[in-house]
Amino acid sequence: GEDSAAGIVHLGKVVIMLGLDQRSPCRQCNRLRADRLPPALRAKWLVQRPHVAPHVFPLFDDLGHWYIPGRPDRSSPVSGVDQLYASAAIANILLVERLKVWAEKSKGMMQVSDPNRQDSFEGNYRKDKFVKWTDVKDDPKRMVTVKMTALKGHTRAIKKLVLKYGNSPSMLL
């Protein structure tokens, strides 16, 4: 109806506003540094102390490098694959832990595989099993069969980097 059409138009405007349209591809950027802001804005961030702003690591405070949480610096794209993988590894650990909490609270299921069987396919669908998280979480033998999220393999990431993204690591997501 009309509400759906208006919602789609609004969503399109939001995508453009956030810079997610095709003219402005998604990029991984470093966080915005408060010490590089214009003086008036810089003062707002640099007067805070770590006990007031616990997100500031003491070493960065000593160096005068204050990063603003949740604010990407579009002029500072990530320039190294190692930086992306380090960040992704931390994000993956946090995601897996969050998934475990959600699965437990919602009686959710996790995908598991049988380590003794070869991968098999039936038609176009892989035959995998799902079990309730609460049934496997306390059993170390069954825990190793749970398929958690994984990072893109290094070989695949390098291929994409070279063949598709013109050696720009900031384009890898």
**Study point:** Straight-line distance of Ser170 OG to Leu84 CG, nearest 0.5 Å
**Key:** 8.0 Å
Review point. Linking I/L/V/M/F/W/Y whenever their side-chain heavy atoms sit closer than 4.5 Å, directly or via other members, would Trp133 and Val101 fall into one cluster?
Key: no
Point to revise | Pairwise side-chain contact, Lys100 with Met148, heavy-atom cut-off 4.5 Å (strictly under) | key: yes
Point to revise | Lys152 side, atom NZ; Tyr85 side, atom OH - distance, nearest 0.5 Å | key: 7.5 Å
Check your understanding: Where do Glu104 and Lys137 come nearest, in terms of heavy atoms and distance?
Key -> OE2-NZ, 2.8 Å
**Study point:** Side chain to side chain, Gln28 and Gln83, heavy atoms closer than 4.5 Å
**Key:** no
**Study point:** Reported OG-to-CG distance for the pair Ser75 and Leu32, which is rounded to 0.5 angstrom
**Key:** 8.0 Å
**Study point:** Heavy-atom pair of closest approach, residues Cys29 and Asp73
**Key:** CB-O, 3.4 Å
Check your understanding: Quick one: CG on Leu95 to CD1 on Ile90, what's the gap to the nearest 0.5 Å?
Key -> 13.5 Å
Point to revise | Heavy-atom pair of closest approach, residues Pro169 and Leu161 | key: N-CD1, 3.4 Å
Check your understanding: Do Leu151 and Ile93 belong together in a cluster built from hydrophobic side chains that touch within less than 4.5 Å?
Key -> no
**Study point:** Asp3 atom CG, neighbour heavy-atom count above 12 within 6.0 Å
**Key:** no
Point to revise | Qualifying residues under side chain to side chain contact (heavy atoms under 4.5 Å, CB included), relative to Arg142, sequence neighbours excluded | key: Val131, Asp135, Val136, Asp139
